[in-house]
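Data first, discussion second: the structure below is written as structure tokens.
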Amino acid sequence: IALRRALGQNPRDAETLTIMARAHQRDGDVELAGERLALAVEVSGSGAAEAIRYARFLTSQNQSQVAATVLEDARRNNPRDPQIMALLGSIALENGAWQQAQEMVVALRAFGQRDHSRLEQIVDIDRCAATAFVIPGQLADHRQEVSDPLVDLARIGALRFEMGVV
């Protein structure tokens with residue numbers, strides 16, 4: 001009731017909308033939670049925190065393309081936000097878009113973000129693993145020695161788990 005009163009007093013408050021989204025999600029109303037998160041992004045002008053929350057929600061609902069669009073919009077307003085770039089890179093990896101993921105790594109580096117080296121490792125390993133499927137038992141990536149593709153797949157899984165990308 002307090003949340004509804006707060007929303008009634010200020011229906012365009014991103015924080016209140018986000019809290020309501022969490023309450024709806026907790027109650028099992030995933031659709032209404034998504035609507036509240038989308039509205040929070042809208043009223044915040046594609047604020048970084050709101051866009052990241054909504055994008056994570058969307059990816060949990062297997063809507064990674066929509067999540068990427070939300071993040072791209074947020075990136076236009078927050079071009080140097082490392083969390084937006086890292087999440088965009090992760091989504092690109094999930095979709096097999098290694099070039100786009102690599103672009104995010106380059107952008108993170110350009111803005112002095114060195115703490116996203118795991119994303120870079122995953123880009124490299126995913127690219128190697130994709131090559132391994134094309135040329136069984138070999139990796140064509142110039143930075144890797146010929147190795148077992150199953151080992152590379154295990155590395156992908158381990159790194160994704162560490163990053164919370166799984």
Side-chain angles (χ1 to χ4, degrees), residues 3 6-7 10-131 141 152-153 155-166:
L3 280 175
L7 193 60
N10 190 359
R12 299 193 57 80
D13 181 62
E15 186 176 345
T16 303
L17 288 164
T18 299
I19 294 168
M20 286 192 76
R22 288 184 187 140
H24 289 305
Q25 197 166 15
R26 205 173 28 251
D27 289 341
D29 195 343
V30 177
E31 186 175 328
L32 193 51
E35 289 174 16
R36 296 290 187 211
L37 289 171
L39 189 54
V41 171
E42 180 184 322
V43 301
S44 72
S46 291
E50 293 80 11
I52 289 167
R53 265 194 293 280
Y54 186 40
R56 287 186 175 141
F57 170 82
L58 289 167
T59 56
S60 76
Q61 301 299 307
N62 297 318
Q63 297 181 38
S64 62
Q65 294 296 339
V66 178
T69 301
V70 168
L71 291 169
E72 287 291 348
D73 290 344
R75 188 169 178 228
R76 280 190 273 287
N77 296 332
N78 308 281
R80 299 178 73 111
D81 190 289
Q83 290 180 322
I84 291 174
M85 288 184 271
L87 191 50
L88 269 169
S90 295
I91 290 171
L93 284 174
E94 289 299 313
N95 294 323
W98 296 285
Q99 183 63 36
Q100 184 182 5
Q102 185 65 43
E103 288 170 13
M104 290 301 105
V105 170
V106 169
L108 285 164
R109 279 190 192 148
F111 293 125
Q113 298 295 322
R114 303 278 182 226
D115 58 337
H116 293 285
S117 61
R118 287 186 180 155
L119 178 61
E120 182 178 13
Q121 290 172 339
I122 290 175
V123 170
D124 288 342
I125 291 172
D126 269 4
R127 189 177 299 137
C128 291
T131 303
D141 190 303
D152 293 321
L153 288 175
R155 287 183 192 147
I156 292 168
L159 286 169
R160 284 187 174 170
F161 181 78
E162 284 179 30
M163 284 186 67
V165 177
V166 239

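- In this structure, Gly47 and Asn78 approach most closely via the heavy-atom pair C-ND2, 4.1 Å.
- Side-chain contact between Thr18 and Glu15: absent, with no pair of heavy atoms (C-beta onward) separated by less than 4.5 Å.
- Note that the CD1 atom of Ile52 and the CG atom of Leu37 stand 13.0 Å from one another [nearest 0.5 Å].
- When all heavy atoms of Asp29 and Leu32 are compared, the closest pair comes out as OD1-N, 3.2 Å.
- Between Gly34 and Phe57, the shortest heavy-atom contact is CA-CE2, 3.3 Å.
- A distance of 10.0 Å separates CG of Leu88 from CG of Asp81, quoted to the nearest 0.5 Å.
- For Arg36 against Ala21, the heavy-atom pair with the smallest separation is CB-CB, 3.7 Å.
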Please report, to 0.1 Å, the donor-acceptor pairs under 3.5 Å made by any side chain of residues 64-72, with sequence neighbours excluded.
{"from": "Ser64", "atom 1": "OG", "to": "Asn95", "atom 2": "OD1", "distance (Å)": "3.2"}
{"from": "Thr69", "atom 1": "OG1", "to": "Gln65", "atom 2": "O", "distance (Å)": "3.1"}

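- Minimum interatomic distance between Pro79 and Met85 (heavy atoms only, all atoms of both residues): O-CE, 3.9 Å.
- Interatomic distance, Met104 CE to Leu87 CG, rounded to the nearest 0.5 Å: 11.0 Å.
- For residues 53-63, there are no side-chain hydrogen bond (donor to acceptor under 3.5 Å, both in side chains) pairs, not counting sequence neighbours.
- Residues satisfying the side chain to side chain contact (heavy atoms under 4.5 Å, CB included) test with Ser46, not counting sequence neighbours, are Val41, Asp73, Ala74, Asn77.
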